[in-house]
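Here is how names work: the chains are called A, B, and so on, in the same order as the sequence lines, proteins then strands, and each is numbered from 1.
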Amino acid sequence: MSVPASNPMPDAAGHFGRFGGRFMPEALIAPLDELEQHWRKAMADEAFVADFNNLLREYAGLPSLLYDAERFSEAVGARVLLKREDLNHTGAHKIRNVLGQALLTTKMGKQRVIAETGAGQHGVATATACAYFGLDCVVYMGEVDTERQALNVARMRMLGAEVIPVMSGSRTLKDAINEALRDWVANVDDTHYLLGTAAGAHPFPAMVRDFTRGIGDESRAQALELLGHLPDAALACVGGGSNAIGMFAALIPDESVRLYGFEAAGDGYQTGRHAATITAGQIGVLHGARSYLLQDEDGQTLESHSISAGLDYPGVGPEHAWLAETGRATYLPVTDAQAMDSMALLAKTEGIIPAIESAHALAGVPGVVADLGGDAELLVCLSGRGDKDMDTAAKWFELVDEADLVAEIERK
Amino acid sequence: MTSVRSAIEAANQEGRAALIGYLPAGYPSVEGSIELVRCMVKAGVDIVEVGLPYSDPVMDGPTIQAAAEAALAAGTRTTDIFRVVEASAALAPTVVMTYWNPVERFGVDRFAASLADAGGAGLITPDLIPDEADEWIEAAGHHGLDKIFLVAPSSTRERLEMTCRASSGFVYATAVMGVTGARDQSSTAAPELVHRVREVTDLPVGVGLGVSNGQQAAEVSSFADAVIVGSALVRVIAEAADSAGALSALGELTGDLALGVRREL
């Protein structure tokens, strides 16, 4: 998990080209400097790296499998290898980042962790890591999301976390981040802000990348063993972009491997109801970094829309903005309907129900096959499992007749 | 036109701190905010700080967040800020407080030019540190505007030096580690921070965050060059039953604060 010399980004001030940086209140600059120092020291410390790798292996169940999805491959017309992050403890790639940052929190001598969450997945992962390390945990969650995701609120509370509904602004993920930042500036002496994605002010984008880069490091080695050579392309979904940057980091130097990120286009990126930040946003500053974001002509942040709560964010990590601008990676929109079709296809062909987030990456496969041809061998990050999405899927596919259910409950 | 710095220094020569009052543009309406600014100047503020409402104000507590939301919901646009500044600058030196993205979106040089045209004196930038401010520093120089950066109790000596070097007009010292909002307790960190700032610059030092009444203003006035009040003023407007009530409550609180900065402890 060390950063190879071939990957010099970001620069010393946290810039990826013209993106990234630190657009933060001065009060948080010293804490960000302190965090960067501890993180760099930890990454160079063999004992820390060994502890982290041991946690990933013994507690999170890593490395995850690389699965040769033959039946899905047949359906889409090219060979697809799935990186099974859905099999990790807590059901997604996010456990890598939270274990890394929670371990770092203990090294910094801090006892309290705060986090933001949208659908609740990062909140659950953070609450899990805090339970493991005996840290106090406070999760900020938009009030709208606490209602949409009541089960995840229960999971976090079961793990000992305090969940605080956020009533300000649009009462969703971006406001939960605002509230976590307000808490952090007031309590920074004893509190670490465990940000859940590869966005925000430096050093978060680089640090989260390095804690999640095992996805690509493992996939690269596993693909070499399975295929005898590198795959032609790597595909991942992009919200803030942690699973995608975790997959891409190891492959950026491999110029023969094309990199594709798939953004949530909601009802369609032309409709205004989407979260396709790179495809249809503009450059600006949000939550501490310069990147692409959804904003109106006055620079006010616009609400994003996606059927996938994990991609429903109006910003994107700055390294993705840079990879898009330099052309090293390609970012394409996937609509709700395309993602849901792919979710169903994987379930029916392979018996694997993916998270709706991950289904966006699967939905990108046909377009990549059209680009590269049917001989292409594609590595796809299956970033999470779909159990959490069954309520959404049941409604979308009309799997449950709600009237019947209500009648049955009333009979009982 | 009196500069911000000379307005502060004139107050200091009277043996007191200058009083800086913050109000958000467009709250409760653009015209309403102009009327409130006039009222505040009449009641005794030396310098006006006009806020540009923003969707994601991470440095602000609930009072100013709610006012910003209301101002945006009422349709306040970036260009409206220049109308408020123009009305205010006719009465007192006026600076704008804004998060960075609206400025970048408007165009940094274009924003600076429009602000200067309206008679504005400068910008307070709560989420822009000098390290990221090359474009703004250049535009400010070009249009003769003050660059008011923030310092905090957590700022290192090295950062205090760098930030003060980049600043003009005054230096904005945040009295506490936290967001804007009236507090019952006076900050214990503020005197020490002001002392540390004075070691590295001759610029006036304004202290903000948490000052809500004449007594606190008097305390801050004893060690700072300017006292900055925001949330407390917004709160009396929010709590008023109607616009006449808002004007009267704002005038009363501003008067109390203006007496406060003149009071011997």
For [X], is it the side chain, the backbone, both or neither that has a heavy atom under 4.5 Å from a heavy atom of chain A?
X      : value
B/L52  : neither
B/P53  : backbone
B/P102 : both
B/Y54  : both

Can a donor-acceptor pair be found between the side chains of [X] and [Y] at a distance below 3.5 Å?
X      : Y      : value
A/T279 : A/E263 : yes
B/E138 : B/H142 : no
B/H143 : B/D109 : yes

Worksheet item: Got a salt bridge between B/R198 and B/D225, using NZ or NE/NH1/NH2 to carboxylate O under 4.0 Å?
Response: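 Salt bridge between B/R198 and B/D225, a charged N being under 4.0 Å from a carboxylate O: yes.
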Item to complete: For salt bridge (charged side-chain N to carboxylate O under 4.0 Å, His left out), just list the numbers for B/E86 and B/R83, CA-CA rounded to whole Å, side-chain angles, deciding distance to a tenth of an Å, and then say yes or no.
Response: CA-CA 5 Å; B/E86 192 166 11; B/R83 283 173 57 203; over 6 Å; no
For [X], is it the side chain, the backbone, both, or neither that has a heavy atom closer than 4.5 Å to a heavy atom of chain B?
X      : answer
A/R290 : side chain
A/L293 : side chain
A/E179 : side chain
A/D296 : backbone

Practice prompt. Check whether any side-chain heavy atom of A/L35 sits under 4.5 Å from a side-chain heavy atom of A/M207, and report yes or no.
Written response: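 Yes - at least one pair of side-chain heavy atoms lies under 4.5 Å apart.
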Discussion item. Counting heavy-atom pairs under 4.5 Å with chain B, which one of A/L181, A/I177, A/T301 comes out on top?
Written reply: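 Result: the option with the highest number of such pairs is A/T301.
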Discussion item. I need the residue from B/N101, B/V151, B/D131 with the largest number of non-hydrogen atom pairs under 4.5 Å to chain A.
Written reply: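 Looking at each of B/N101, B/V151, B/D131 in turn, B/N101 comes out on top.
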Fill in: Winner by heavy-atom pair count (cut-off under 4.5 Å) against chain A, out of B/T78, B/V176, B/L150
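Top count of heavy-atom pairs under 4.5 Å with chain A: B/T78.
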Discussion item. Quick one, A/D312 with A/S304, criterion side chain to side chain donor-acceptor pair (under 3.5 Å). Give me CA distance, side-chain angles, the key distance, then yes/no.
Written reply: CA-CA 6 Å; A/D312 197 354; A/S304 56; 2.6 Å; yes
Discussion item. For A/W39 and A/H202, take the angle between the two ring planes, folded into 0 to 90°, and tell me which bin it lands in: parallel under 30, tilted 30 to 60, perpendicular over 60.
Written reply: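 Aromatic pair A/W39/A/H202 classed perpendicular.
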